[in-house]
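By convention in this document, chain letters (A, B, ...) are assigned in the order of the sequence lines, proteins followed by strands, and residues within each chain are numbered from 1. The model shown is predicted, which means the values in this text are computed figures rather than measured ones.
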2 protein chains.
Amino acid sequence: MERTGAAAIIIGNEVLTAKVKDENGPHLIQRLRELGIPLRSVETILDDVDAIVDAVARARRRARYVFTSGGIGPTHDDVTVRAVALALGRSVVRLPEMVSALHARAGDTPVTAEGLRLADAPEGAVLLAQPGMWFPVLTVDDIYLLPGVPQLFRLQLETVLARLSGTPVHLVSLFFTLGESALAAVLDRVALDMPHVAIGSYPVFDASLDYRVKVTVEAQERSQVDEAVGRLLGALPTDSLVRRE
Amino acid sequence: MERTGAAAIIIGNEVLTAKVKDENGPHLIQRLRELGIPLRSVETILDDVDAIVDAVARARRRARYVFTSGGIGPTHDDVTVRAVALALGRSVVRLPEMVSALHARAGDTPVTAEGLRLADAPEGAVLLAQPGMWFPVLTVDDIYLLPGVPQLFRLQLETVLARLSGTPVHLVSLFFTLGESALAAVLDRVALDMPHVAIGSYPVFDASLDYRVKVTVEAQERSQVDEAVGRLLGALPTDSLVRRE
């Protein structure tokens, strides 16, 4: 498989045990969409070295950019740095510039041995300066190790996204009074004939709405979207379309 | 790895492209937690046969119960049944009782060839009657193929959960004025000594709050939670604890 787009790994015992509701996954999904960077997957997993190693290795096979959220603090449950290093077959090294930053931040207070873990990174890591935070973005081989705390995640994500580029997608949504079973043959045909156009079909089961199925048509080329929409509408009864957005 | 607990797979182009925000993952997380069924992972992936086959096979290695959300309608993008069958090494068969149900529901209207796809299932599938819906819960080998539409997902999930049993977890949360670096050595020690107790550490970066780190202590045995909390508090300065919940 071609390694394009992005994949996300949410490292979150606290999410999977319903202690907090994940905000970082939905935020990343929204921002990547706005920039036109396709997202292949979002995996939410436990704070477990083996699970993270496995998820990172798979994400790298599938996507060019990998974002992790969480597990980069100084406590026993912060194992992301070690797991990413293992997934890459690298050592964990202590970065002198981070040791200096930790001492500078602590001032006269001694930095604990555990506090110094914040200076550890997979070998070959690069630090990106983070405006508004003393803690830089930790990145290695197109893997971005972002913090799990939502406001820090958002800040660091913008630093990363400013360096990436995407291709925004053209999208048309069609709302039909027909059910999916009646639409399926036409959708199938156009989807098969036009592999570069993504066609989605989303039924609703709510009698208060004026439609039964929303069909989405999207592609990087506007002309392809227009052609697919023309073919769909040409093959379906005119009065079955409620509206087009 | 022992196959216990649950894993979830959200099949959702529409989620990964930010067209809709997933509600089913968070709802499943909450309900499983309430019942005390541990959740290993939630993967959100594209409506792609290979991706689903891979995710289902991995989920089954890790968890006893697998929940899928989405991709079980009659259109070209509904590939969950086929993918689950492939992951299990089974054929797809057409279930006569579902064909009858589809004809009964359609009344005098003919059922389209595509509509009949709703009667397809992996060989060995079992249908669970769903109160309030003509469409039953489709299940095979502890995999539950739930619909993506949130109100239908919730209805069918309850039918499944009524058949499972869990062990509710005891949880105590401690709020400290110390930072993570100062807490880490004590947390590490107790976490290492008490492997059946899960200890989580969650810093906040908000000066308007009266604490800096929330520590969670949980286990299936209340006495283990009490012992771990006692050890943590005994090893930390008394005035560093803001409150206990």
Side-chain angles (χ1 to χ4, degrees), chain A residues 13-22 25-26 29-30 32-34 38-47 51 54 58 73-78 111-115 117-118 149 151-152 169 171 179-185 187-188 191-192 198-206 216 218, chain B residues 13-22 25-26 29-30 32-34 38-47 51 54 58 73-78 111-115 117-118 148-149 151-152 169 171 180-185 187-188 191-192 198-206 216 218:
Chain A
N13 275 5
E14 71 280 24
V15 172
L16 290 173
T17 53
K19 291 194 202 78
V20 304
K21 195 165 170 177
D22 175 46
I29 288 172
Q30 187 65 43
L32 289 175
R33 174 69 172 187
E34 287 162 5
L39 180 60
R40 308 294 176 204
S41 58
V42 177
E43 289 194 37
T44 305
I45 58 177
L46 296 171
D47 303 1
D54 179 55
R58 281 184 294 101
T75 63
H76 65 287
D77 55 353
D78 291 309
V111 181
T112 63
E114 293 75 25
R117 290 181 192 159
L118 288 171
V149 177
Q151 72 265 45
L152 308 185
V169 164
L171 166 69
E180 276 201 307
S181 295
L183 294 169
L187 297 181
D188 279 12
L192 198 66
I199 299 180
S201 169
Y202 306 106
V204 291
F205 298 89
D206 180 346
T216 60
E218 58 192 318
Chain B
N13 276 5
E14 73 278 24
V15 172
L16 290 173
T17 53
K19 291 194 202 77
V20 304
K21 194 164 170 177
D22 175 45
I29 289 171
Q30 186 65 43
L32 289 175
R33 174 69 171 188
E34 287 162 3
L39 180 59
R40 308 296 177 203
S41 58
V42 177
E43 290 193 35
T44 305
I45 57 176
L46 296 171
D47 302 0
D54 180 55
R58 280 184 295 102
T75 63
H76 66 286
D77 55 353
D78 291 309
V111 181
T112 63
E114 293 76 24
R117 289 181 194 159
L118 288 170
V149 177
Q151 72 264 45
L152 308 186
V169 164
L171 166 69
E180 276 201 307
S181 295
L183 294 169
L187 297 182
D188 279 13
L192 199 66
I199 298 179
S201 170
Y202 307 106
V204 291
F205 297 89
D206 180 345
T216 60
E218 58 192 319

### Query
Is there a donor-acceptor contact under 3.5 Å from the side chain of His76(A) to the main chain of Ala185(B)?
no
### Message
Please classify the contact between Thr17(A) and chain B as side chain, backbone, both or neither, with a heavy-atom cut-off of under 4.5 Å.
### Response
both
### Task
Name the region of Glu218(A), side chain, backbone, both or neither, that has any atom closer than 4.5 Å to a heavy atom of chain B.
side chain
### Query
Hey, what do you get for CG (Leu46(B)) to CG (Leu39(A)), rounding to the nearest 0.5 Å?
7.5 Å
### Contact origin within Val15(A) toward chain B - heavy atom pairs under 4.5 Å
both
### Message
So which atom in Ser41(A) and which in Ile45(B) form the shortest heavy-atom distance, rounded to 0.1 Å?
### Response
CB-CG2, 4.4 Å
### Side chain, backbone, both or neither of Leu183(B) within contact of chain A (heavy atoms, under 4.5 Å)
neither
### Message
Using heavy-atom distances under 4.5 Å, tell me whether Glu14(B) contacts chain A through its side chain, its backbone, both, or neither.
### Response
both
### Summary
Turns out that what part of Leu192(A) lies under 4.5 Å from chain B's heavy atoms comes down to neither
### Query
Is the backbone N or O of Gly200(B) less than 3.5 Å from a side-chain atom of Asp77(A), with the two atoms forming a donor-acceptor pair by type?
no
### Query
For Val149(A), is it the side chain, the backbone, both or neither that has a heavy atom under 4.5 Å from a heavy atom of chain B?
side chain
## Note on the structure
Turns out that what part of Pro203(A) lies under 4.5 Å from chain B's heavy atoms comes down to both
### Contact leader toward chain A among Arg117(B), Lys21(B), Glu34(B), where contacts are heavy-atom pairs under 4.5 Å
Arg117(B)
### Summary
Honestly, the part of Ser201(B) sitting under 4.5 Å from a heavy atom of chain A is both
### Message
Is the shortest side-chain heavy-atom distance between Arg33(B) and Leu171(B) below 4.5 Å?
### Response
yes
### Query
Which heavy atom in Thr75(A) sits nearest to a heavy atom in Ala184(B), and how many Å separate them?
CG2-CB, 4.0 Å
### Message
Counting only non-hydrogen atoms closer than 4.5 Å, does Asp22(A) touch chain B with its backbone (N, CA, C, O), its side chain (CB onward), both, or neither?
### Response
neither
### Query
Measuring heavy-atom distances to chain B, does Leu32(A) have an atom under 4.5 Å in its side chain, in its backbone, in both, or in neither?
neither
### Query
Among Asp206(A), Asp54(A), Asp78(A), Ile29(A), which has the most heavy-atom pairs under 4.5 Å with chain B?
Ile29(A)
### Message
Need one label for Gln30(A): side chain, backbone, both or neither, based on atoms under 4.5 Å from any heavy atom in chain B.
### Response
both
### Query
Between Ser181(A) and Glu114(B), does a side chain to side chain donor-acceptor pair (under 3.5 Å) hold up when you go through it step by step?
CA-CA 6 Å; Ser181(A) 295; Glu114(B) 293 76 24; over 6 Å; no
### Message
Are the side chains of Leu187(B) and Glu180(B) in contact, using a 4.5 Å heavy-atom criterion?
### Response
no
### Message
Are the side chains of Thr44(B) and Leu16(B) in contact, using a 4.5 Å heavy-atom criterion?
### Response
yes
### Query
Does Val42(A) reach the side chain of Glu43(B), with side-chain heavy atoms less than 4.5 Å apart?
no
### Query
Checking Asp188(B) against chain A: side chain, backbone, both or neither under 4.5 Å from a heavy atom?
both
